[in-house]
**Student:** 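The following block contains the structure, expressed as structure tokens.
Quick caveat, the model's predicted, so the values are computed rather than measured.
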Amino acid sequence: MFASNLDKKKYKNICLIESNNKVGEKIKVSGGAKCNITNDFVTRNNYLGDENFVQNILEKFSKDDLLKFLNKNNVFPRINEKIVKGTYFCNSSQDVIDMFSFITTHIKKYLDTKVLDLDFDTNFKIKTSRGVIEAKKVVVASGGLSFSSLGASPIAFDIAKKFGHSINNTEPALVGFTVQKEQFWFKNLSGISLNVKVLVNDKEIEGSLLFAHKGCSGPAILTTSLYWKKGKIIIDFLPNQKLEKFLKGNKNISSSLCLPKRFIQEFLVSQNLEDKSVSKLTNDEIEKLKLLKNYEFSPAGNFGFTKAEVTKGGICTNEINNITFESLKQTGLYFLGECLDITGELGGFNFQIVFSQAFICARELNNIRY
């Protein structure tokens, strides 16, 4: 979306340019159509990006500030921890879309309109599929490269480059992993979900893993993808449990372990292990079973931008004013949201940081100082 502000006092000369024929299409599909809008435990540690930049944003408009704003506008999110701890969901994503539609009735909207280019000569000239729109100030909040089916495009990055900004490498994030040949057994488990703990770099992530026909996905893996670059990740399939407590008695392995039987059977085949009584296991076989607590593998890649919930990387934040979000390269040009090099974990963190940025920028445009 792009907003131009020509009259900050009267709000009569503001417009919003949207490539879709309705506003909020990405909001509509978020959180299973219930909009996972923030998180009870949001901190700067939940984001990939400059920590001080993130901290400054969250201090100026916090999770509590967002909830107050939503409640004031008759949207009442509630915590639902079924997917990620502390996540607030709305009754429906449509509640959020309706709220924005109501509070922006005074704004001229250009729907089903694509931005093609942006020039500056005294004023900004926004070249669109429906002609040229002139503006004194422009806010670029057009998202990243994920969800192209919902109108995502590289236009924010194109504009940023044109005005001299640097772009950190963009990649799919909050996305599932494809696997190497050694992990093809994952594919045989498509549809099975279990709770795991994942270690990636210096981050430990606990949550649900979902086996998929391409590899693995689910909340824990989606957040893992945010921090993974290349190399190995480690999965604990028995989080907060000791393997030794299951290796007692005379039951077969698949009956002893507190894991889906189908998963155990595929794991055993992958390790060339027989499903036999745990009392008859050799030391070497027990060592192989210990991989359930420390399973290392290197993902082959990920499912790509078409399946990614967000884009990581983007416009370098050291070229953006951390108080107003105005470009340090071009007066009157602002960048917000997913196009910036700030990306949150799964669980409402991305909506929170974008709402916070929008609030801060709006105060600047309306000449309200902290």
**Student:** For residues 215-226, which side-chain N or O atoms pair as donor and acceptor with protein atoms under 3.5 Å away, sequence neighbours left out?
**Tutor:**
residue : atom : partner : partner atom : Å
T223    : OG1  : L346    : N            : 3.3
T224    : OG1  : A220    : O            : 2.7
S225    : OG   : L174    : N            : 2.9
S225    : OG   : V175    : N            : 3.0
S225    : OG   : V175    : O            : 3.4
S225    : OG   : L222    : O            : 2.5

**Student:** Who are the salt bridge (Lys or Arg N to Asp or Glu O under 4.0 Å) partners of K307, not counting sequence neighbours?
**Tutor:** none

**Student:** List the atom pairs, with distances to 0.1 Å, where a side-chain N or O of residues 78-85 and a protein N or O form a donor-acceptor pair under 3.5 Å, not counting sequence neighbours.
**Tutor:**
residue : atom : partner : partner atom : Å
N80     : OD1  : K82     : N            : 3.0
E81     : OE2  : G86     : N            : 3.0

**Student:** Ignoring hydrogens and angles, write down the donor-acceptor pairs under 3.5 Å from the side chains of residues 237-247, residues two or more places apart or on other chains.
**Tutor:**
residue : atom : partner : partner atom : Å
N240    : OD1  : K197    : NZ           : 3.0
N240    : ND2  : E206    : OE2          : 2.9

**Student:** If you draw a 6.0 Å radius around NZ in K276, do more than 12 non-hydrogen atoms from other residues or ligands fall strictly inside?
**Tutor:** yes

**Student:** Tell me, yes or no, whether the heavy-atom count around K203 atom NZ, taken from other residues, nucleotides or ligands under 6.0 Å, exceeds 12.
**Tutor:** yes

**Student:** With sequence neighbours excluded, give me every ring-ring contact (aromatic ring centres under 6.0 Å, His included) pair touching residues 187-215.
**Tutor:** F186-F211, F211-F263

**Student:** My understanding is that a hydrophobic cluster links ILVMFWY residues whose side chain heavy atoms are under 4.5 Å apart, including indirect links. Using that, what else belongs to the cluster containing I234?
**Tutor:** L199

**Student:** What residues form a side-chain contact (heavy atoms from CB on, under 4.5 Å) with L291, not counting sequence neighbours?
**Tutor:** F267, Q271, Y295

**Student:** Can you name the residues that form a side-chain contact (heavy atoms from CB on, under 4.5 Å) with A160, not counting sequence neighbours?
**Tutor:** H165, I167, I315, F335

**Student:** What residues, two or more places apart in sequence or in another chain, satisfy side-chain contact (heavy atoms from CB on, under 4.5 Å) together with S153?
**Tutor:** I155

**Student:** Would the number of heavy atoms belonging to other residues, nucleotides or ligands and lying under 6.0 Å from NZ of K109 be above 12?
**Tutor:** yes

**Student:** Let me confirm one number: the CD-OH distance from E345 to Y227, rounded to the nearest 0.5 Å.
**Tutor:** 3.5 Å

**Student:** If you link I, L, V, M, F, W and Y whenever their side-chain heavy atoms are under 4.5 Å apart, who else ends up in the same group as V29?
**Tutor:** F147, L150

**Student:** Only counting residues at least two apart or in another chain, list the ones meeting side-chain contact (heavy atoms from CB on, under 4.5 Å) with T105.
**Tutor:** none

**Student:** Return each pair, listed once, that meets salt bridge (Lys or Arg N to Asp or Glu O under 4.0 Å) where at least one residue sits in residues 288-303; pairs must be two or more places apart or across chains.
**Tutor:** K232-E296, D236-K293, E287-K290

